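Report on the following structure.
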Amino acid sequence: MPKLELRLLTDSFSDSLLIEEYTKAGGFAALKKAVAMRSEDVIAEISKAKLLGRGGAAYPAGKKWEQLLRIEETPKYIVCNADEGEPGTFKDRLIMEKLPYKLLEGIIIAGFVFRAKAGYIYVRGEYRKIQKRLVEAIKNLHEAGYLGENILGTGYDFDINVISGAGAYVCGENSAVLNSTEGKVGRPRIKPPHLAEVGLFLKPTLVNNVESFANVPLIVNMGGDAYLEAGHPDSGGTKLVCLSGHCKNRGVFEIPLGKVSLRDAICNSELGGGMAEGKKLKFFHLGGQSGPIGSQAQLDTVYSYTDLRKAGLAVGSGAIVVMDESVSILEYLKEVTGFFIHESCGKCVPCREGNRQLLKYLQMLSMPGAATIGDLNTLRSLVRTMSDASFCGLGQTAATALNSAWKLFKSEFEANVRPDGGANER
Ligand SMILES: Cc1cc2nc3c(=O)[nH]c(=O)nc-3n(C[C@H](O)[C@H](O)[C@H](O)COP(=O)(O)O)c2cc1C
Ligand code: SF4
C-alpha cells in the first residue's frame, strides 16, 4: 500500500511569522544554496524535478524558467499568481497563511536567478487578511536582510510588492494578472508575444502560481532527482488537492503525484473518507469549474498529470468536487455555466454569447418536450465553437465540464428531448 500523504509542504505549516522559527526549521537554506549557484544550475534542478505549473495549465516550470533566462532584455519581473479564483480551489490560501516564508523564499530565489528588478504577488481581492499577513512577512524579511538592498551580502537588490485583485476570475489568467497589476482593466492580452518576452510593463516576466513557487525551495534543498522520485516520472513531487462537496472529509490534502488513485483520494479514510450520509458517488469534477467531470468507472485512475490526461481528466488547479447520486447533472452544469456567464469579461463573442446560449439549451433540456434532437446537436456544435474560437482560456474551457458530462450521462441529456425537430427549428 503506497503512502497516501506525503508531507513536503504541509509538514512545515506554522501560524508563526517569526523568521527565527522558519530558519530553525530549515528555512532560507535553499536561498543560501541558490545564491552560491549559477542560474543555469538552479534551473537545471527545476527541470530535473519535472515541476509542472500548479496553477492549472501544467506548463513545465523548468522550461518556462529556461525561456526567460535566454532573454537578454532587462529589467525582468517576477509575478506570483495568487488570484485563486477557480471555484473549489483553496490551497494557495493555505500556503500564504501557513507557509508565507516558503512562498517568499521561492520568489526571492526566482528573483536572484533572473537578477529581476522586482517581484509582485497578485492576491485574490477577497483574501484581505492574507494580503496583510504577506505585507507583514515582507517587512520582517527586509529587517532580516532577505529582501531589500544587498540581499545576503550578494550585492543583489530585490523587493516584493503585494497587489490586490478585485474579485474577477478572468484576472487569474496570466496576461490579465499583468494588466491588472499595471492598474489597467484585467482583460487577457493576445499571445504571442509571450510573457517571457513582453510581460509586466512590457518587460520580460516570469509568472508562476503560489504552489509552484513554494515548491522551488524544496527542489533546491532536495535536488531535482529526489523531488522527481517523490512523485511521478513525468511530474515530480506532491500536489495539494482540495476536496469538497459530498465526501466525508473536506479540505486540503497533500498527495504524492502518481502514487495514489482517485479512489484513494476520495474514499480513503486518511483523505476524502468516502461519501457522506451513506450515499453513492455519482461524479467528481476535477481542477475547478473549467475542468472535466469523471464518474465511478474512472475512480481507479492514478492521480498524476499523465494518467488523468489519458483518461480524459485533468489535475488542473487540484480541486476535486465530489457529488453524490442526489445531484442532477443538468442542474449542476447550469450552475457551472452561470458562473462563466458571470465571469466572462465580454471581450469576445464565442464566450460572451456562447455561455448564455449554453444555459438556454441546458434549461430547455431540463423541461419535458422543450428541446429536440436538433437542439442537442446545436448544443454540441456550440461547445466546439466556444473551445476553438474563444480568445482566452476562460471561454476555451467553459464547456469542458459539459463536454465530459455529455459522454458519461448521455441518457440524462436525452431524457426530456422530443425525437422530432431539426437543428434549425428555432
Ligand atoms: C480564466 C483563467 C483563470 C486563471 N486563474 C488562475 C489563478 O487564479 N491562479 C493561477 O495560478 N493560475 C490561474 N490561471 C492560469 C494562469 O494563466 C497561468 O497558467 C499560471 O498562473 C501559470 O503559473 P504556473 O505555471 O506556475 O501554473 C488561470 C487561467 C485562466 C485562463
Ligand atoms: S474568452 Fe473572451 S470574453 Fe471570455 S473571458 Fe476570455 S477574452 Fe473575455
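We number each residue from 1, following the sequence as shown. All values reported here derive from a predicted model rather than from experimental measurement. When a ligand or atom number is given, it counts from 1 through the structure's own listing order.
Cys351 SG, 2.4 Å is the protein heavy atom nearest to atom 4 (Fe) of ligand 2. Of all protein heavy atoms, the one lying nearest to atom 8 (Fe) of ligand 2 is Cys345 SG, 2.4 Å.
The distance from ligand 2 to the heavy atoms of Val170 drops below 4.0 Å at these ligand atoms: 5 (S). Residue Gly395 approaches ligand 2 through these ligand atoms, each under 4.0 Å from one of its heavy atoms: 1 (S). Listed by number with element, the atoms of ligand 2 under 4.0 angstrom from any heavy atom of Cys348 are 1 (S), 2 (Fe), 3 (S). Of all atoms in ligand 2, numbered sequentially from 1 with element shown, those under 4.0 Å from a heavy atom of Ser344 are 3 (S), 4 (Fe). Heavy-atom contacts of Phe391 reach the following atoms of ligand 2: 1 (S), 2 (Fe), 7 (S) (cutoff under 4.0 Å).
For ligand 1, the polar-atom distance check finds an N/O of Gly172 within less than 3.5 Å of one of the ligand's N/O atoms. Residue Ser212 places at least one N or O, backbone or side chain, under 3.5 Å from an N or O of ligand 1.
Put simply, Cys392 stays out of reach of atom 8 (Fe) of ligand 2, with no N, O or S atom under 2.8 Å from it.
Taking the charged nitrogens against the carboxylate oxygens, Arg133 and Glu136 have no contact shorter than 4.0 Å, which rules out a salt bridge.
Geometrically, Arg124 engages Tyr127 in a cation-pi contact, judged by NZ or CZ lying under 6.0 Å from the ring centre and within 45° of the ring axis.
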